[in-house]
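Structure record follows, encoded as structure tokens.
As the structure lists them, so they are numbered: ligands from 1, and atoms in each ligand from 1. Any value given below was found using the heavy atoms of this structure, including those in side chains, with hydrogens, waters and symmetry copies removed. As the structure is a computational prediction, the values presented were derived from the model and not from experiment.
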Amino acid sequence: MLLYKQIPVVGWQRELAGAVRDPSVLMQALGLEGRGVNTDATRQFRLLVPHSYVARMKHGDWNDPLLRQVLPLDDELQMVEGFNHDPVGDQHALVADGVLHKYHGRVLLVTTGACAVHCRYCFRRHFPYSESNPVKGEWEGALAYIRANPDVCEVILSGGDPLTLADERLALFFKQLNGISHVKRVRFHTRLPVVLPSRIDAGFLQMLATIRQQVVMVIHANHAQELAADDVRHALAALHSAGVTLLNQAVLLRGVNDSVQAQVALSEALFAERVLPYYLHVLDRVAGAAHFEVAETEAIRMVDDMRQQLPGFLVPKLVREVAGENAKTPLF
Ligand SMILES: *Cc1c(COP(=O)(O)O)cnc(C)c1O
Ligand code: SF4
């Protein structure tokens, strides 16, 4: 007999629990046997990729732009000068449990260390999540900070990935945030609509409808091929119908999207799903990701070429995150 009411496990959580964690399973699914995956790299930051995302990879192609984002490689173990463990200076901006206040009017909550996919280039791969987590204690520290700072008009839920949290947990936060009148906007930074689109289910949409503030969602797609699936299109259409403003941020990655053609295709594919390109980040110089770097001069040239081919609203802002600056630093 159950004594306590438990939070029921829903479909997307089951799908996440069944995501691929074993490199040999991924290789087999793609017909790419016969070459090893670096197990030391996996130990540092394990492989994690949902089946929905694997289904969009090209069979038999080691250079598939989706595969390259998740595949542990020998290159990650090379120590390269200038690449370190906290390239964006996040740990100096912590003002409360998991609360980063770096920029005027906006606080960013590191809601969880969990993601639905492990992106090899990620600058948070070394973040000490377990020591700094605002969900601990039912969000009280974060809410107290927001309440006490009336200049905070936007609350950004980041991570990890905030959408790996159950709807019930999110609802608890928003219920209290609704009562803080100076907060005008809520922003999610999430990769789940792209990598685990089943997350955008009826329960999530119902939860969204309880939020009093305007809702912005910054998704994270790096390549047009990531959007080329019905489940992703449906998720984005549902969010759009729910009145969510949809933006995209991408990271410029060697071997993934480092061509003008790939960037133009990404912008077009995003807009087809009613998502506007927001930022194109040059790589944060995190240890283990040096092989993804594209030189700034090349990045600037690419965005200049994009401007020749696209309307202004489909050209993302090329930025770098510089520790200690008051905003993302525009490069172009
Ligand atoms: C990127 C970032 C933001 C949001 O910056 P925008 O330019 O508004 O997108 C806010 N806080 C932190 C700590 C950030 O890193
Ligand atoms: S925080 Fe974002 S970029 Fe980093 S691993 Fe998670 S989903 Fe990928």
Side-chain angles (χ1 to χ4, degrees), residues 16 19 44-50 53 66 68-72 76 86-96 98-127 129 132 134 142 145-146 149 151-165 184-196 199 216-223 226 245 247-253 256 276-284 286 288-289 292 316-330:
L16 182 52
Q44 281 186 13
F45 191 52
R46 70 174 186 180
L47 175 105
L48 178 66
V49 52
Y53 194 72
L66 280 58
R68 290 198 70 85
Q69 294 180 56
V70 301
L71 188 68
E76 293 177 29
D86 183 20
V88 299
D90 268 358
Q91 285 168 56
H92 300 288
L94 276 174
V95 292
V99 182
L100 299 173
H101 196 176
K102 284 214 293 211
Y103 302 154
H104 180 76
R106 288 150 287 167
V107 292
L108 183 148
L109 310 191
V110 180
T111 57
T112 167
C115 291
V117 65
H118 284 173
C119 312
R120 308 312 298 180
Y121 52 84
C122 180
F123 78 100
R124 293 201 196 275
R125 57 189 285 167
H126 307 288
F127 197 85
Y129 289 110
S132 172
Y145 183 84
I146 297 164
N149 287 275
D151 60 322
V152 172
C153 61
E154 180 167 336
V155 174
I156 302 171
L157 274 70
S158 182
D161 199 307
L163 264 57
T164 59
L165 298 175
K184 290 190 291 218
R185 284 186 296 278
V186 167
R187 192 197 313 180
F188 292 92
H189 274 243
T190 175
R191 199 148 157 59
L192 265 73
V194 173
V195 301
L196 190 74
R199 176 66 186 92
V216 178
M217 192 174 280
V218 181
I219 65 165
H220 178 176
N222 295 318
H223 195 281
E226 289 177 291
T245 298
L247 304 173
N248 184 62
Q249 64 173 354
V251 182
L252 183 56
L253 298 165
V256 173
L276 284 172
Y278 178 36
Y279 282 143
L280 177 60
H281 290 264
V282 294
L283 187 75
D284 293 317
V286 60
F292 282 118
K317 298 175 181 69
L318 182 69
V319 291
R320 177 182 287 288
E321 188 153 355
V322 180
E325 292 292 316
N326 297 331
K328 311 275 187 247
T329 304

Hydrogens and angles aside, do Gln249 and His281 bring a side-chain donor and acceptor to less than 3.5 Å of each other?
yes
From the list Leu94, Val107, Val152, side-chain contact (heavy atoms from CB on, under 4.5 Å) partner of Val99 resolves to Val107
Here the atoms of ligand 1 under 4.0 Å from any heavy atom belonging to Arg187 are 4 (C), 6 (P), 8 (O), 9 (O)
Report the residues that fulfil ring-ring contact (aromatic ring centres under 6.0 Å, His included) with His189, sequence neighbours left out, ordered by chain and then residue number.
none
Which part of Lys317 is near ligand 1, with near meaning a heavy atom under 4.0 Å away: side chain, backbone, both or neither?
neither
Region of Val107 that comes within reach of ligand 1 [heavy atoms, distance under 4.0 Å]:
neither
Could you list the atoms of ligand 1 found under 4.0 angstrom from a heavy atom of Tyr278?
6 (P), 7 (O), 8 (O), 9 (O)
Hey, does Glu321 have a side-chain heavy atom less than 4.5 Å from the side chain of Tyr279?
no
Does anything in residues 152-161 pair up under salt bridge (Lys or Arg N to Asp or Glu O under 4.0 Å), and if so which pairs, sequence neighbours excluded?
Glu154-Arg185, Glu154-Arg187
Can you name the atoms of ligand 1, numbered from 1 with element, that are less than 4.0 Å from a heavy atom of Ile156?
3 (C), 4 (C), 10 (C)
Using a strict 4.0 Å cut-off to heavy atoms of Arg191, name the atoms of ligand 2 that fall inside it.
7 (S)
Determine yes or no for a side-chain-to-main-chain donor-acceptor pair under 3.5 angstrom, with Thr111 supplying the side chain and Ser158 the backbone.
yes
Using a 4.0 Å cut-off to any heavy atom of Tyr279, which atoms of ligand 1 qualify?
6 (P), 7 (O), 9 (O)
Examine His118 and say whether one of its N/O/S atoms is closer to atom 4 (Fe) of ligand 2 than 2.8 Å.
no
Can an N or O of Tyr103 be found at a distance shorter than 3.5 Å from an N or O of ligand 1?
no
Taking distance alone, with no angle check, do Lys102 and ligand 1 share an N/O pair under 3.5 Å?
no
Geometric class of the His101/Tyr145 ring pair [parallel <30°, tilted 30-60°, perpendicular >60°]
perpendicular
Looking at atom 6 (Fe) of ligand 2, is there an N, O or S atom belonging to Cys115 that lies under 2.8 Å away from it?
yes
Using side-chain heavy atoms (C-beta onward) and a distance below 4.5 Å, is His220 in contact with Val251?
yes
Geometric N/O contact His189 with ligand 1, under 3.5 angstrom
no
Please tell me if the side chains of Leu192 and Met217 come closer than 4.5 Å, counting only heavy atoms from C-beta onward.
no
Of the backbone atoms (N, CA, C, O) and the side-chain heavy atoms from C-beta on, which set of His101 has a member under 4.0 Å from an atom of ligand 1: side chain, backbone, both, or neither?
neither
Give a yes/no on ligand 1: does Gln249 have at least one heavy atom closer than 4.0 angstrom to it?
no
